[in-house]
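Quick notes on the structure that follows.
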Amino acid sequence: MKLDLLNNKWLDIVFEGRNKSYGAYELRKDNTKTNVRALIIGAVIFSFAVATPLLINLIPDSSDDDLSLNEKITTVKLPPKEEKPKENLPPPPPPPPKVDQVKFVKPVVAKTNEVTEEIVKIEDIKDKNLGKEDIKGDPNADLVLTPPGDGPKGPAVVEEDNTIYNSAGIEQKPEFPGGMAKFYKFIENNYNVPSDSPGGKVFIQFVVEKDGSLTDIKVLRDIGYGTGKEAERVLRKSPKWTPAEQNGKKVRCSYQLPITLQAPQEE
């Protein structure tokens with residue numbers, strides 16, 4: 001019998017009586033399909049490899065577009081940059097006056113070798129203005145008129161000085177009428193020493209106002225027994241003092257002093 005190798009029937013003859021479940025039978029049975037499939041895949045790959053240069057040529061070149069785009073961008077004109085106005089610049093010089101201005105030199109009696117500036121003659125200042133320096137006039141300049149003012153505003157308001165100065169650094173200290181001897185005499189005549197007081201010193205502080213009156217009376221230290229309150233009472237009865245002065249003006253001034261008390265003597 002003649003065998004057709006292109007037909008798969010010869011496999012049945014070869015593998016007759018053998019184990020067909022073995023892999024060799026299946027491989028040989030599908031050999032035709034495998035060859036056809038490999039042939040088709042190879043043909044596709046070969047066709048794609050041959051057609052690749054043609055496909056590349058069909059793709060448009062983007063370099064020309066980029067070049068034209070760059071040319072368009074370079075031809076665009078940017079708006080001019082705005083410069084910020086410079087600060088702290090000196091004001092522009094004033095325009096020249098319409099009439100020539102001649103510097104006015106105040107006449108001073110001096111020796112010939114000490115004269116530094118020549119005094120102008122009357123003929124030189126005729127039809128000219130006087131000023132602080134020589135300025136060449138411009139006959140074509142505009143005539144500028146200064147607007148009228150509102151006139152004097154009246155006396156300036158002077159703020160009152162209510163500072164309380166210390167007597168240690170004041171130009172002129174406050175003073176009791178007749179001096180401190182008179183003051184202590186006033187204390188002696190008006191102070192009632194408590195009967196149970198042991199004696200000692202009472203330190204007091206007060207402010208001599210601009211009109212000479214005493215305010216803000218304080219007892220810094222006393223010896224008890226009502227001696228501090230009695231000192232306050234006497235100072236409130238004090239006549240007006242001569243106020244302190246600073247820079248030729250009357251000012252408020254603080255003052256401190258001790259009052260010495262003697263213990264009452266037993267009779």
Side-chain angles (χ1 to χ4, degrees), residues 87-91 104-111 114 116 131-133 146-267:
E87 300 179 354
N88 300 326
L89 292 178
F104 174 74
V105 180
K106 186 177 179 180
V108 178
V109 179
K111 297 179 180 180
E114 294 178 355
T116 58
K132 296 182 179 180
E133 56 184 352
T146 305
D150 298 333
K153 300 293 184 179
V157 179
V158 180
E159 296 183 0
E160 186 177 0
D161 185 8
N162 289 320
T163 305
I164 299 178
Y165 292 83
N166 193 307
S167 60
I170 200 72
E171 292 180 357
Q172 182 174 337
K173 296 182 180 180
E175 186 177 10
F176 186 82
M180 294 306 296
K182 292 284 185 179
F183 173 74
Y184 284 115
K185 189 66 176 179
F186 166 78
I187 296 293
E188 182 182 351
N189 294 335
N190 292 274
Y191 195 97
N192 297 322
V193 181
S195 58
D196 53 352
S197 173
K201 289 185 178 181
V202 178
F203 291 86
I204 57 175
Q205 175 180 295
F206 52 86
V207 175
V208 180
E209 299 291 343
K210 296 178 183 179
D211 61 353
S213 60
L214 305 185
T215 61
D216 198 17
I217 301 172
K218 296 179 182 179
V219 178
L220 302 180
R221 189 178 68 186
D222 62 3
I223 55 179
Y225 305 96
T227 54
K229 291 184 178 180
E230 179 64 15
E232 291 182 20
R233 184 191 69 82
V234 174
L235 287 177
R236 290 193 180 94
K237 294 176 58 178
S238 171
K240 291 187 175 182
W241 289 44
T242 301
E245 291 188 8
Q246 184 74 8
N247 297 327
K249 295 182 180 180
K250 296 179 180 180
V251 294
R252 305 172 68 195
C253 182
S254 63
Y255 205 93
Q256 296 180 8
L257 52 82
I259 298 177
T260 303
L261 303 178
Q262 294 182 356
Q265 297 181 357
E266 297 182 359
E267 297 181 356

- Item | Reported OH-to-OG1 distance for the pair Tyr191 and Thr260, which is rounded to 0.5 angstrom | 11.0 Å
- Pairing residues for Lys185 by the side chain to side chain contact (heavy atoms under 4.5 Å, CB included) criterion, not counting sequence neighbours: Glu188, Asn189
- Item | Residues in side chain to side chain contact (heavy atoms under 4.5 Å, CB included) contact with Asp211, at least two apart in sequence or another chain | Glu209, Ser213, Lys240
- Item | Test side-chain hydrogen bond (donor to acceptor under 3.5 Å, both in side chains) applied to Thr227 - qualifying residues, sequence neighbours left out | none
- Query: Which pair of non-hydrogen atoms, one from Ile164 and one from Cys253, has the smallest distance, and what is that distance?
  - Reply: CG2-C, 4.3 Å
- Here the salt bridge (charged side-chain N to carboxylate O under 4.0 Å, His left out) pairs for residues 220-238, sequence neighbours left out, are Glu230-Arg233, Glu232-Arg236
- Task: Taking side-chain hydrogen bond (donor to acceptor under 3.5 Å, both in side chains) as the test, write out the residues that go with Gln256, two or more places apart.
- Result: Gln205
- Is a donor on one side and an acceptor on the other found under 3.5 Å between the side chain of Asn166 and the backbone of Ala168? yes
- Item | Those residues that, when tested against Tyr255, pass ring pair (Phe, Tyr, Trp, His ring centres under 6.0 Å) (two or more places apart) | Phe206, Trp241
- Query: How would you list, by chain and number, every residue that makes a salt bridge (Lys or Arg N to Asp or Glu O under 4.0 Å) with Lys182, sequence neighbours excluded?
  - Reply: none
- Taking every heavy atom of Glu171 against every heavy atom of Gly248, the minimum-distance pair comes out as OE1-N, 4.3 Å
- Query: Listed by chain and number, what are the side chain to side chain contact (heavy atoms under 4.5 Å, CB included) partners of Gln172, not counting sequence neighbours?
  - Reply: Glu245
- Closest contact, heavy atoms only, Met180 versus Leu257: CE-CD2, 3.9 Å
- Residue Lys250 excluded, over 12 heavy atoms near NZ under 6.0 Å: no
- Message: For Leu214 and Val207: C-alpha separation, side-chain torsions, deciding distance, then whether side-chain contact (heavy atoms from CB on, under 4.5 Å) applies.
- Response: CA-CA 6 Å; Leu214 305 185; Val207 175; over 6 Å; no
- Please identify each residue that fulfils side chain to side chain contact (heavy atoms under 4.5 Å, CB included) with Pro239, with sequence neighbours left out. Phe176, Phe186
- Query: Looking at Ala231 and Ile204, what are the two nearest heavy atoms and their distance?
  - Reply: CB-CG2, 4.1 Å
- Query: Taking all non-hydrogen atoms of both residues, which atom of Pro258 and which atom of Tyr184 are closest, and how far apart?
  - Reply: O-OH, 3.3 Å
- Enter the distance from Leu220:CG to Lys201:NZ here, rounded to the nearest 0.5 Å. 14.0 Å
- Contacts of Thr242 meeting side-chain hydrogen bond (donor to acceptor under 3.5 Å, both in side chains) (sequence neighbours excluded), chain-then-number -> none
- Indicate the atoms forming the closest heavy-atom contact of Ile170 with Ala244, along with that distance. CG1-CB, 4.0 Å
- Message: Among residues at least two apart in sequence or on other chains, which ones pass side-chain hydrogen bond (donor to acceptor under 3.5 Å, both in side chains) with Asp161?
- Response: Thr163, Tyr165
